[in-house]
Asker: 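Please see the structure below; I have some questions.
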Amino acid sequence: MMRPWILPLLFVLCGSFVAAGLVLSGSPGTAAGLLAAFLALAGVNSPLIFPRSVGAAEAQRRSAVDGRPVVYWRPGCKYCIRLRVRLGRSAHRLHWVDIWRDPAGAAAVRAANDGNETVPTVVVSGRPRTNPDVEWVREQLSRSM
C-alpha cells in the first residue's frame, strides 16, 4: 500500500531537480514553467483536494442518518479526481473514504467490485455504483436533502 503523500512528494522533488538543472543551464523561464507543471501535478494527486476522509464504518453510519452517498476513493486516481473536480462545492456534502487509509473501506470496494479495488465507488442506500456519472451523484445528493 502506497502512502497518499508519496506521489505528490515525488512530483515536487522531481520537478525541483529538473528545474534546478534548467536554471543551472541558463533556462530560468523554462525551469519556472516546468516547476509549475510539476507542482500542479502534485496538487491534483494530493489527498488535500478531497474533503476530509472518514472511516468506512463512520461513513456508513453517517449515510444511514442523513442519506448522503459514500464515496470510496484513493489518492492519484484520475477518475476520483475527475469526480471530485466536477462535483465542485457539493463534494463536501458526500462522505469520503480513502481506501488506502482504511482497510474496511478497501474491503467494501472489493466486495462491490468482484475483488477489485476499483474507485471511485459510490454507495447509496447500500447499493454500490462504480465510476458513476457526476450527474447521477448530484441527483443522489438532491434526494438526500
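Numbers here simply count residues along the sequence, with the first being 1.
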Asker: Of all the heavy-atom pairs spanning Tyr79 and Val119, show the shortest one and how long it is.
Answerer: CB-O, 4.2 Å
Asker: In the structure I gave you, are the side-chain heavy atoms of Arg68 and Val124 within less than 4.5 Å of one another anywhere?
Answerer: no
Asker: If the condition is side chain to side chain contact (heavy atoms under 4.5 Å, CB included), which residues does Val18 pass it with, not counting sequence neighbours?
Answerer: Leu22, Leu34
Asker: Could you grab the distance from atom CZ of Arg86 to atom CD1 of Ile81, nearest 0.5 Å is fine?
Answerer: 14.5 Å
Asker: Check the pair Leu83, Val134 against side chain to side chain contact (heavy atoms under 4.5 Å, CB included), reporting the backbone distance first and the verdict last.
Answerer: CA-CA 6 Å; Leu83 177 65; Val134 71; 4.1 Å; yes
Asker: Working to the nearest 0.5 angstrom, can you tell me the gap between Leu141 CG and Leu94 CG?
Answerer: 4.5 Å
Asker: Any link between Leu35 and Val23 through a network of hydrophobic side chains (Ile, Leu, Val, Met, Phe, Trp, Tyr) touching at under 4.5 Å?
Answerer: no
Asker: Can you tell me if Ser63 uses its side chain to pair, donor with acceptor, with the backbone of Pro69 under 3.5 Å?
Answerer: no
Asker: So, using side chain to side chain contact (heavy atoms under 4.5 Å, CB included) as the criterion, who are the partners of Ala104 when residues are at least two apart?
Answerer: Ala56, Asp102
Asker: Can you pull the salt bridge (Lys or Arg N to Asp or Glu O under 4.0 Å) pairs that have at least one residue in residues 116-130, sequence neighbours excluded?
Answerer: Arg110-Glu117
Asker: Does the side chain of Leu13 reach to within under 4.5 Å of the side chain of Phe11, using non-hydrogen atoms?
Answerer: no
Asker: Side-chain contact test, heavy atoms from C-beta onward, threshold under 4.5 Å: evaluate it for Tyr72 versus Pro120 and give yes or no.
Answerer: no
Asker: Any side-chain heavy-atom pair from Val71 and Val97 closer than 4.5 angstrom?
Answerer: no
Asker: Scan residues 24-39 for pairs that pass side chain to side chain donor-acceptor pair (under 3.5 Å), counting only residues two or more places apart or in two chains.
Answerer: none
Asker: Roughly how far, to the nearest 0.5 Å, is OG1 of Thr130 from CG of Asn116?
Answerer: 9.5 Å
Asker: So, the side chain of Ser16 versus the backbone of Val12: is there a donor-acceptor pair under 3.5 Å, distance only?
Answerer: yes
Asker: Can you name the salt bridge (Lys or Arg N to Asp or Glu O under 4.0 Å) partners of Arg82, sequence neighbours left out?
Answerer: none
Asker: For a side chain to side chain donor-acceptor pair (under 3.5 Å) with Asn113, tell me which candidate from Asn131, Thr121, Thr118 qualifies.
Answerer: Thr121
Asker: Considering residues at least two apart in sequence or located in another chain, which fulfil the salt bridge (Lys or Arg N to Asp or Glu O under 4.0 Å) criterion with Glu58?
Answerer: Arg61, Arg62
Asker: How many angstroms lie between CZ in Arg143 and OG in Ser125, if you round to the nearest 0.5 Å?
Answerer: 9.0 Å
Asker: Output the distance between atom SG (Cys80) and atom CH2 (Trp96), rounded to the nearest 0.5 Å.
Answerer: 7.0 Å
Asker: Give the cluster check for Trp73 versus Trp136: same hydrophobic cluster or not, with ILVMFWY residues linked at side-chain heavy-atom distances below 4.5 Å.
Answerer: yes
Asker: When rounded to the nearest 0.5 angstrom, what distance separates CZ in Arg93 from CZ in Arg138?
Answerer: 10.5 Å
